[in-house]
Enquirer: 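Below is a structure I'd like to ask you about.
Both counts, for ligands and for their atoms, begin at 1 and track the order of listing. All values below were derived from every heavy atom in this structure, side-chain atoms included, with hydrogens, water molecules and symmetry-related copies excluded. Nothing fancy with the numbering, it's 1 onward along the sequence.
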Amino acid sequence: MSKIVVITGVNSGIGRAAAYKFAELDYEVVMACRRMERSRQVQEEIIQVTNNRQVHLMHVDMSSFCSIQEFCKDYKARFNKLDILIHNTAYFNHGAQHQLNADNIELTFATNVVGPYLMNEWLRDALSRAGEPVILHASSNIVKHFFDPKKNLQFEHLKGEWSASEPFSVYKQYCESKMALVMLTFYLAEKYKEDGIRVNALQINGARMSPETLNKFTLKWRLAARAQNLFFPPPEKMAKCYVDICTSPRFRDVTGSLMNDKLETMVRAEQEPSALQAG
Ligand SMILES: NC(=O)c1ccc[n+]([C@@H]2O[C@H](COP(=O)([O-])OP(=O)(O)OC[C@H]3O[C@@H](n4cnc5c(N)ncnc54)[C@H](OP(=O)(O)O)[C@@H]3O)[C@@H](O)[C@H]2O)c1
């Protein structure tokens, strides 16, 4: 029986490149996407180029809990098990105004943290029916700032809360959400051990962004991101990390790990006493 991978947010960037790679490896690929028209074009391209006809497209809006619930229900009606679940989607419309989702959760947190949590919970039974199930969360090297001993941690922000008296910034909220996603990785890795589901996170440190992604930013942020793009590697580099973390025998027993783009596990503070002393 073929192995099945679900990847969220697959119509551009790293998600799209990862879907290509898994299709080339003969996986059954489920593209979990919001904008269906654009995503259908990508699905057709992948099928044509890789000659893998088992590339499916299913609708999900990761900011809508109702949509995630529908997706999980539909997925389980169509497929018996799930081998790999990759949370690639993220909301990072830098410069945008503060927005809530339909459940009154700030949009960055709803999309980047609560959405993946709910999908993991609602697909846990399908994952537990696979041989060596694995979940991967796409985090960012932005989390390194949290390890600066001088950083003033604001725990409300880490829960996605923002007081009305402070100026709101999607960028800051994005940083907090990527740290919360790492914390969620550690929590779920422990919780899912009894089902044999591994949960890891990748610290992505830059991948060339598509014009569509840049167009979601306000002008100031778009100009800065265009300049950054000149130095960023193509998305295929990070897509290869997705594939390696989820499929390589080297990581068969690895769970609760935050990895960098060299696939090294970031060292925990208790294993690095000097880091604790610095605080
Ligand atoms: N590129 C970098 O330099 C970089 C650096 C650090 C971390 N990362 C992380 O890497 C991951 C991929 O980034 P990328 O650069 O490849 O970005 P991207 O090309 O913009 O891909 C994000 C995908 O998510 C989809 N998406 C956004 N909101 C969604 C929602 N509510 N429901 C479903 N799909 C949604 C987008 O599609 P639509 O908007 O069309 O629906 C798009 O396909 C993200 O988690 C990002 O935070 C990237």
Enquirer: Among all protein non-hydrogen atoms, which one is nearest to atom 46 (C) of ligand 1, and what is the separation to 0.1 Å?
Expert: Y174 OH, 3.6 Å
Enquirer: Write out the residue and atom name of the closest protein heavy atom to atom 36 (C) of ligand 1, then the distance separating them to 0.1 Å.
Expert: K216 NZ, 3.8 Å
Enquirer: Evaluate R34 for polar contact with ligand 1, using N/O atom pairs at a separation under 3.5 Å.
Expert: yes
Enquirer: Does only the side chain of K178 get under 4.0 Å from ligand 1, or the backbone, or both, or neither? Count heavy atoms.
Expert: side chain
Enquirer: Quick check: I14 and ligand 1, any N/O pair under 3.5 Å apart?
Expert: yes
Enquirer: Go through the side-chain N and O atoms of H59 and D74 and say whether any donor and acceptor fall under 3.5 Å apart.
Expert: no
Enquirer: Is K240 atom NZ crowded by more than 12 heavy atoms from other residues, nucleotides or ligands, each under 6.0 Å away?
Expert: no
Enquirer: Polar-atom distance check: N11 versus ligand 1, any N or O pair below 3.5 Å?
Expert: yes
Enquirer: Tell me: protein heavy atom nearest atom 40 (O) of ligand 1, and distance?
Expert: R35 NE, 2.6 Å
Enquirer: Using heavy atoms and a threshold below 4.0 Å, how should the contact between R16 and ligand 1 be classified: side chain, backbone, both, or neither?
Expert: neither
Enquirer: Relative to ligand 1, is I142 under 4.0 angstrom through side chain, backbone, both or neither, heavy atoms considered?
Expert: neither
Enquirer: How far does NZ of K178 sit from CZ of F92, to the nearest 0.5 angstrom?
Expert: 7.5 Å
Enquirer: Could you tell me which atoms of ligand 1, counted from 1 in the order shown, lie closer than 4.0 angstrom to a heavy atom of T213?
Expert: 18 (P), 19 (O), 20 (O)
Enquirer: Locate the shortest heavy-atom distance separating R16 from N11; write the atom from each residue and the value.
Expert: CD-O, 3.8 Å
Enquirer: What's the shortest distance from atom 9 (C) of ligand 1 to any protein heavy atom, and which residue and atom give it?
Expert: I204 CD1, 3.8 Å
Enquirer: Tell me whether Y242 has any N or O atom under 3.5 angstrom from an N or O of ligand 1.
Expert: no
Enquirer: At what distance is the nearest protein heavy atom to atom 26 (N) of ligand 1, and which residue and atom is it?
Expert: T89 CG2, 3.6 Å
Enquirer: In the protein, what heavy atom is nearest to atom 25 (C) of ligand 1, and what distance, to one decimal place, separates them?
Expert: G9 CA, 3.7 Å
Enquirer: Once you restrict to heavy atoms under 4.0 Å, what part of S139 touches ligand 1? Side chain, backbone, both or neither.
Expert: backbone
Enquirer: Could you tell me, atom by atom, which parts of ligand 1 come under 4.0 Å of a heavy atom of S12?
Expert: 18 (P), 19 (O), 20 (O), 21 (O), 42 (C), 43 (O)
Enquirer: Quick one: nearest non-hydrogen protein atom to atom 32 (N) of ligand 1, plus distance?
Expert: M62 N, 2.8 Å
Enquirer: Answer side chain, backbone, both or neither: which part of T8 comes under 4.0 Å from ligand 1, heavy atoms only.
Expert: neither
Enquirer: With the threshold set at 4.0 Å, does a side-chain nitrogen-carboxylate oxygen contact exist between E28 and K81?
Expert: no
Enquirer: In Å and rounded to the nearest 0.5 Å, what is the NZ to OG1 distance from K172 to T108?
Expert: 13.0 Å
Enquirer: Quick one: does C33 get an N or O within less than 3.5 Å of an N or O on ligand 1?
Expert: no
Enquirer: Measuring only between side-chain heavy atoms, which start at C-beta, is Y20 closer than 4.5 Å to T50?
Expert: yes
Enquirer: Honestly curious: do I68 and F79 fall in one hydrophobic cluster under the side-chain, below-4.5 Å linking rule?
Expert: yes
Enquirer: Using a 4.0 Å heavy-atom cut-off, which part of F232 comes near ligand 1: side chain, backbone, both, or neither?
Expert: side chain
Enquirer: Can you tell me the protein heavy atom closest to atom 1 (N) of ligand 1 and the distance?
Expert: A207 O, 2.9 Å
